[in-house]
Amino acid sequence: MLQIFNTLTRHKAVFVPLDPTRVRMYVCGITVYDFCHVGHARMMVVFDVVYRYLVHLFGSAQVIYVRNITDIDDKIIKRAHENQEDYHATATRFIAAMDQDLRALGVLTPSQEPRATEFMPQIIDMIAVLERKGFAYRAANGDLYYDVTRFGPYGKLAGRQLDDMQAGARVEVGPAKKNPFDFVLWKAAKAGEPAWDSPWGAGRPGWHIECSAMSVQCLGEHFDIHGGGRDLQFPHHENEIAQSCAATGAAFVNVWMHNGFVEIDKEKMSKSLGNFFTIREVLAKYPPEVLRYFILTSHYRSPLNYSDQQLDAARAALTTLYTALRDINPRVSTHLDTSFRQRFFAALDDDFATPEALAVLFDLAHAINRCRHSTPQEAAGYAHELRSLAGLLGLLHADPTRFLQAGGDNRLDDAMIQALIEQRIAARNAKNFKHADQLRDQLLAAGIVLEDGPTGTTWRRK
RNA sequence: GGCUGGGUAGCAGAGUGGUUAUGCAGAGGACUGCAAAUCCUUGGACGUCGGUUCGAUUCCGGCCCCAGCCUCCA
């Protein structure tokens with residue numbers, strides 16, 4: 001039984017979909033004005049695992065996963081202006097970059113990826129409903145605001161009362177607002193800004209309303225899971241609740257999920273602090289699967305401390321797993337110890353406890369290594385088990401030898417490596433171990449590790 | 001000021017009222033020409049002060065420390 005921690009209740013609870021034939025999840029994607037960083041990668045990978053596991057439990061045709069793209073917003077306009085290009089060109093460019101990064105990380109494509117600019121009529125409709133119901137007001141600056149005092153439960157998701165919050169703790173409060181926590185629904189366009197026509201004049205939607213409109217449009221008024229980074233809990237998701245519930249009069253989301261931050265030196269990785277690494281920066285140094293593995297080594301709600309040391313450890317760990325799979329043809333076996341599988345699913349059932357699930361993978365790798373020579377068919381069975389369980393996490397899809405030999409600085413290509421290995425074999429056969437060791441050291445200096453086994457010499461990159 | 005989380009071995013990171021997490025790193029052994037990989041064995045831990053308990057890292061309370069949110073942010 002899958003249990004999920006619900007931010008709304010601060011408890012884990014058994015997940016029961018509203019409609020078991022249509023499990024519906026919405027995740028806040030990114031605003032496309034720059035390359036994705038490791039923090040984005042974490043969110044994408046975490047919810048990718050959630051999606052994969054829901055598909056495993058309910059079937060691929062039963063799970064609808066919507067992840068939006070914010071393709072119009074102040075930052076995009078600013079970036080486009082800096083680059084002297086159309087806002088749309090900026091957005092398109094960074095969407096392509098994002099797709100490339102996510103493909104590398106093995107993140108599955110969601111069922112739908114709605115973009116704000118494609119949902120203008122629906123967004124405007126929802127705002128109009130809010131205005132008609134008295135939840136909106138026009139400020140002196142022309143912007144249309146949501147009046148938070150009109151929505152009773154405001155603050156429930158954040159776990160705080162309006163009165164408790166210190167408005168303007170870190171920034172000046174907008175002077176046009178009646179209440180400091182009021183937020184913009186429709187932003188009046190300034191000269192030269194991209195704009196859409198609306199009952200409130202030319203302008204663009206506020207950030208929060210687009211997610212309310214798109215989620216309701218794609219999944220219905222009331223759906224199962226809504227996710228995103230912890231930083232979206234307040235005010236973004238709080239505001240979504242206020243808008244959606246006020247507009248539809250229905251319950252909005254059953255389970256709210258928030259992933260923890262990526263940190264560097266105990267500090268949140270963020271654009272504003274400037275302490276971020278983009279996904280592509282990391283992928284220039286490490287195979288994408290290493291980054292994915294690294295993300296899954298900590299529970300999704302915990303902080304994840306980023307460092308090269310951790311990435312190195314992740315690569316070493318994957319090397320261990322792939323080494324176990326090397327030279328084995330995974331085959332389904334009917335009489336296997338099923339405790340691995342049971343532990344693995346128990347871990348994921350417990351609020352997606354990936355660290356525990358990964359531990360099971362290592363136990364399987366050890367099981368393979370223990371019996372790979374004595375009972376190869378058993379080893380093949382465990383290898384199949386390892387592959388299929390890891391596959392649920394989006395890991396261990398690669399050919400083992402390809403993973404183990406990938407990367408490197410290409411000082412030596414495969415043919416050169418092979419030639420040096422042949423030379424060394426000749427030297428060994430001639431009992432000229434000094435020369436053989438020299439060749440091995442030469443390869444090691446180039447990052448190539450040799451392994452002499454009963455069936456010959458294999459190599460991998462360090 | 002309000003609100004959330006958290007402090008576990010060298011590093012990372014799970015978990016549990018009494019019994020091995022796991023990975024990387026370390027030690028010893030097997031294997032190897034020597035290595036590497038692998039296997040076997042193994043050292044090392046639960047911020048602090050109290051309380052509950054036969055027994056607490058694990059429950060309760062105080063304290064200290066850290067991070068995050070209360071603009072935008074995954």
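Per chain, numbering begins at 1; letters A, B, ... match sequence-line order. The structure presented is a predicted model; accordingly, all values stated were derived computationally and were not measured.
Residue-level contact check: A:F433 touches the bases, meaning some heavy atom is under 4.0 Å from a base atom. Contact annotation for A:H366: backbone-only contact, meaning every heavy-atom pair under 4.0 Å involves sugar-phosphate atoms and none involves a base. Among the protein residues, A:S302 comes within range of the sugar-phosphate backbone only, with heavy atoms under 4.0 Å from sugar or phosphate atoms but none that close to a base. Using a 4.0 Å heavy-atom distance criterion, A:K431 is classed as making no nucleic acid contact. Here A:G260 lies in heavy-atom contact (under 4.0 Å) with a base. Nucleic acid contact for A:R424: base, since at least one base atom lies under 4.0 Å from a heavy atom of the residue. As judged by a 4.0 angstrom heavy-atom cut-off over every strand, A:F261 is placed among the base-contacting residues. Looking at heavy-atom distances under 4.0 Å, A:M269 makes contact with a base. A:G39 comes within contact range of at least one nucleobase, with a heavy-atom separation under 4.0 Å. Within the 4.0 angstrom heavy-atom criterion, only backbone atoms of the sugar-phosphate kind lie near A:E267; the bases stay farther away. Among the protein residues, A:L450 comes within range of the nucleic acid bases, having at least one heavy atom under 4.0 Å from a base atom. When heavy atoms are screened at a 4.0 angstrom cut-off, A:V262 is found touching base atoms of the nucleic acid. Residue A:E263 is classed as a sugar-phosphate contact, given heavy-atom separations below 4.0 Å to backbone atoms only. Among the heavy atoms of the strands lying under 4.0 Å from A:Q309 are primed sugar atoms or P, OP1, OP2 only; no base atom is included.
If you take atom P in B:C69 and the same atom in B:A74, they sit 13 Å apart, rounded to whole Å. Taking atom C1' on both nucleotides, B:C39 is separated from B:C31 by 9 Å, rounded to a whole Å. Here, B:U42 and B:G47 have their P atoms 26 Å apart, quoted to the whole Å. Look at the P atom in both B:U8 and B:G15: the space between them is 14 Å, to the nearest Å. Distance check on atom P: B:U38 versus B:U48 gives 36 Å, rounded to whole Å. A gap of 39 Å separates the C1' atoms of B:G23 and B:U71, to the nearest Å. Taking the C1' atoms as reference points, B:A25 lies 14 Å from B:G13, given to the whole Å. Comparing the P positions of B:U20 and B:U41 gives a spacing of 13 Å, expressed to the nearest Å.
The phosphate of B:C24 (OP1 or OP2) has a side-chain N or O of A:T320 nearer than 4.0 angstrom. Dashed line: the shortest gap from a side-chain N or O of A:H299 to OP1 or OP2 of B:G6 is not under 4.0 Å. Remark: A:N369 is in phosphate contact with B:C39, judged by side-chain N or O atoms under 4.0 Å from OP1 or OP2. OP1 and OP2 of B:A36 both lie 4.0 Å or more from every side-chain N or O belonging to A:T458. In terms of phosphate contacts, A:K268 brings a side-chain nitrogen or oxygen within less than 4.0 Å of OP1 or OP2 of B:C69. Phosphate proximity of B:C40 to A:R370: present, with a side-chain N or O under 4.0 Å from OP1 or OP2.
If you check B:C11, B:A37, B:A14 against the side chain of A:E451, the one that comes closest is B:A37. Checking B:G5, B:A14, B:A37 against every side-chain atom of A:R10, the shortest atom distance belongs to B:G5. Residue A:D437 has its side chain nearest to B:C34 when only B:C34, B:A37, B:A21 are considered. Closest to the side chain of A:K75, out of B:C72, B:A74, B:A14, is B:C72. Listed candidates were B:G23, B:C72, B:A14. Nearest to the side chain of A:P355 is B:A14. Taking every side-chain heavy atom of A:N259 into account, B:A74 is the closest of B:C72, B:U22, B:A74. Picking from B:C34, B:A74, B:U71 the nucleotide with the shortest atom distance to the side chain of A:P235 gives B:U71.
Using a 30° and 60° split on the angle between ring planes, A:H226 and A:W256 fall in the parallel class, below 30°.
One can find a donor-acceptor pair under 3.5 Å joining the base of B:C34 and the side-chain atoms of A:R440. In the interface, the side chain of A:D231 is not paired with the base of B:G68 through any donor and acceptor atom under 3.5 Å apart. At a cut-off of 3.5 angstrom, the base of B:C34 holds at least one donor-acceptor pair with the side chain of A:D452. Within 3.5 Å, a donor on the side chain of A:R428 pairs with an acceptor on the base of B:G33, or the reverse.
The residue among A:A314 and A:A158 whose nearest nucleotide of RNA chain B lies closer to the 5′ end is A:A158. Taking for each of A:N305 and A:F5 the nucleotide of RNA chain B with the nearest heavy atom, the 5'-most of the two is the partner of A:F5.
Results of the ring-ring contact (aromatic ring centres under 6.0 Å, His included) test with A:Y146 over A:F183, A:F181, A:Y154 single out A:F183 as the only residue that passes. Put simply, the residue from A:D73, A:D143, A:D74 that forms a salt bridge (charged side-chain N to carboxylate O under 4.0 Å, His left out) with A:K187 is A:D74. Looking at A:D351, A:D349, A:D350 one by one, the single match for salt bridge (charged side-chain N to carboxylate O under 4.0 Å, His left out) with A:K12 turns out to be A:D350. Checked against A:V38 for a side-chain contact (heavy atoms from CB on, under 4.5 Å), the options A:L311, A:V262, A:L304 give a single hit: A:V262.
In this structure, the side chain of A:R424 does not engage the main chain of A:L439 through any donor-acceptor pair within 3.5 Å. Although no hydrogens or angles enter the test, the distance criterion places a donor-acceptor pair under 3.5 Å between the side chain of A:R387 and the main chain of A:L396.
Pair check for B:G44 finds none; no Watson-Crick or G-U wobble contact set falls under 3.5 Å. In a base pair of the Watson-Crick type (N1 to N3 plus N6-O4 or O6-N4) or a G-U wobble (N1-O2 and O6-N3), with each distance short of 3.5 Å, B:G68 is matched with B:C3. Pairing for B:C39 is with B:G29, a Watson-Crick or G-U wobble pair whose two hydrogen-bonding atom distances lie under 3.5 Å.
Residues A:S333 and A:Q377 have side chains that never bring a donor and an acceptor to within less than 3.5 angstrom of each other. Judged purely by distance below 3.5 Å, without hydrogens or angles, the side chains of A:R24 and A:S111 never pair a donor atom with an acceptor atom.
Per the geometry, CD belonging to A:E356 stands 14 Å off P belonging to B:U20, to the nearest Å. Straight-line distance from the CD atom of A:E210 to the P atom of B:C72: 13 Å, rounded to whole Å. Across the protein-nucleic acid pair, A:F234 atom CZ and B:U71 atom P stand 6 Å apart, rounded to whole Å.
Applying the side-chain contact (heavy atoms from CB on, under 4.5 Å) rule to A:E451 yields the partners A:R326, A:T458, A:R460; only residues at least two apart in sequence or on another chain are considered.
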